[in-house]
Amino acid sequence: MQEDSPVQNENTPDTSQTTPSQRTGRRNRLIVLAAAALVALGLGGVAVATSGTDHPAPAAVSLDAQARAEAASRADRSVRESSTPVAPSLSPTPSPSAVSASPTPTKTAAAKAKPKLKKTTKPTPAWVDPMPGAAVTSCYGQRWGTLHAGIDLALPSGTPIRAAAAGTVTQAGDASDGYGNSVFIDHGNGYLTHYAHQSRIAVTVGQAVKAGQVIGYEGATGDATGPHLHFEVHQGMWNQIDPAPFMRSRGVDLGC
């Protein structure tokens, strides 16, 4: 009986006639193709996963490890804050230009308030004009053949007459010899002053007077042609000297 031989397909490779080396090469090619297919599948899966989200999923963190790290950080910070001294900040010394450019601090109301100045009177000079502003009608010297022993000063009748310097009143009344109502003041330095022709006397004998103090009022008593003050300076009683240079040397110009 004749055995039926297997029918060989045209597309089926004939393995009966292949060598071992050929079979090995065919197997290697199949392995390479399978690996390539697996790589392609892997890349496709990565692409699909990437296109599905913008950011990769965060890695899982152990809650226990995180809690321990935070506790250690807090403990370390508390130690640093309590044990490490804080160095004081040193401010730089300002330059002269910076100091000068700084605005002046506002003054307080107490600093702005000016202290009230006490009113003070100007001290009276040692010697003064016995009748300030008067016109000179006659100076010391010869007049009508006799010595006119003083200076005549004229203002309206009743004008106050003032002591030329401080002293003591030695005479106050009619001095005769044409002088009329007169006042003599001894200044204690060897000199006396004489004020004649007064209409009224305002001091008494023995009274101490100051420079500029009113001692009487101008008039025309005695031998006088009109109201005026006849003013004399005596170096010792009844030793009349020129009053003009004497008073000028003491800062008073009587106009002669």
Side-chain angles (χ1 to χ4, degrees), residues 117-256:
L117 298 178
K118 294 182 179 180
K119 293 183 179 180
T120 56
T121 57
K122 188 176 180 181
T124 304
W127 291 79
V128 300
D129 191 333
M131 202 158 68
V136 177
T137 58
S138 184
C139 292
Y140 178 90
Q142 293 295 322
R143 187 178 65 177
W144 306 323
T146 60
L147 177 64
H148 182 247
I151 296 176
D152 290 343
L153 303 171
L155 275 175
S157 181
T159 299
I161 299 169
R162 302 178 183 278
T168 303
V169 177
T170 58
Q171 291 188 32
D174 190 352
S176 68
D177 294 334
Y179 286 111
N181 293 329
S182 298
V183 171
F184 287 82
I185 299 175
D186 184 355
H187 301 289
N189 56 359
Y191 293 93
L192 294 88
T193 51
H194 177 198
Y195 312 81
H197 304 309
Q198 295 186 36
S199 61
R200 181 164 60 91
I201 295 173
V203 292
T204 59
V205 174
Q207 181 178 342
V209 295
K210 297 178 181 179
Q213 181 176 335
V214 175
I215 59 173
Y217 298 90
E218 180 188 356
T221 58
D223 295 337
T225 58
H228 70 280
L229 166 65
H230 178 81
F231 176 68
E232 295 181 349
V233 175
H234 296 204
Q235 190 173 4
M237 190 62 177
W238 296 111
N239 182 26
Q240 294 98 324
I241 62 174
D242 189 350
F246 176 87
M247 295 295 288
R248 192 179 299 117
S249 66
R250 287 157 177 76
V252 180
D253 187 359
L254 296 178
C256 288

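Note that the structure is a prediction, hence the values are computed from the model and not measured. Values below: every heavy atom of this structure, side chains too, minus hydrogens, waters and symmetry copies.
Across every non-hydrogen atom of P243 and V233, the tightest pair is CB-CG2, 3.8 Å. The two residues A224 and A220 come nearest to each other via the heavy atoms CB-O, 3.7 Å. Closest of all the heavy-atom pairs between P125 and V128 is O-CG1, 4.0 Å. Of all non-hydrogen atoms in D253 and C256, the two that sit nearest each other are OD1-N, 4.4 Å. For H194 against A196, the heavy-atom pair with the smallest separation is NE2-CB, 3.8 Å. Heavy-atom minimum distance, P130 versus L229: CB-CD2, 4.1 Å.
Partners of D223 according to the side-chain contact (heavy atoms from CB on, under 4.5 Å) rule, which considers only residues two or more places apart in sequence or in another chain, do not exist here. Looking at residues two or more places apart in sequence or on another chain, you find a side-chain contact (heavy atoms from CB on, under 4.5 Å) between T137 and D152, A154. Contacts of A164 classified as side-chain contact (heavy atoms from CB on, under 4.5 Å), with partners at least two apart in sequence or in another chain: W127, T193, Y195, F231, M247.
Under a 3.5 Å cut-off, the side chain of E218 and the backbone N or O of H228 do form a donor-acceptor pair.
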Yes or no on side chain to side chain contact (heavy atoms under 4.5 Å, CB included) for H197 and N181, after CA distance, side-chain angles and deciding distance? CA-CA 5 Å; H197 304 309; N181 293 329; over 6 Å; no

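Note that the CZ atom of F184 and the CE atom of M237 stand 4.0 Å from one another [nearest 0.5 Å]. Taking SG of C139 as the reference point, atom CG of L254 lies at 9.0 Å (rounded to 0.5 Å). Separating the CD1 atom in I241 from the NE2 atom in H234 is a distance of 9.5 Å, to the nearest 0.5 Å. M131 contributes atom CE, which lies 5.5 Å from atom CG of L153 (distance to the nearest 0.5 angstrom). Between I151 atom CD1 and E232 atom CD the span is 10.5 Å, to the nearest 0.5 Å.
Contacts classified as ring-ring contact (aromatic ring centres under 6.0 Å, His included) and involving residues 128-151 (residues at least two apart or in different chains) are given here: H148-H230. Residue pairs meeting the side-chain hydrogen bond (donor to acceptor under 3.5 Å, both in side chains) criterion with at least one partner in residues 156-176, sequence neighbours excluded, are absent.
Side-chain contact between I185 and I215 is present, with heavy atoms from C-beta onward closer than 4.5 Å.
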Using distance only, find each side-chain donor-acceptor pair of residues 200-213 under 3.5 Å and give its atom names and separation, not counting sequence neighbours.
from : atom 1 : to   : atom 2 : distance (Å)
Q207 : OE1    : T204 : N      : 3.2
Q213 : OE1    : K210 : N      : 3.1

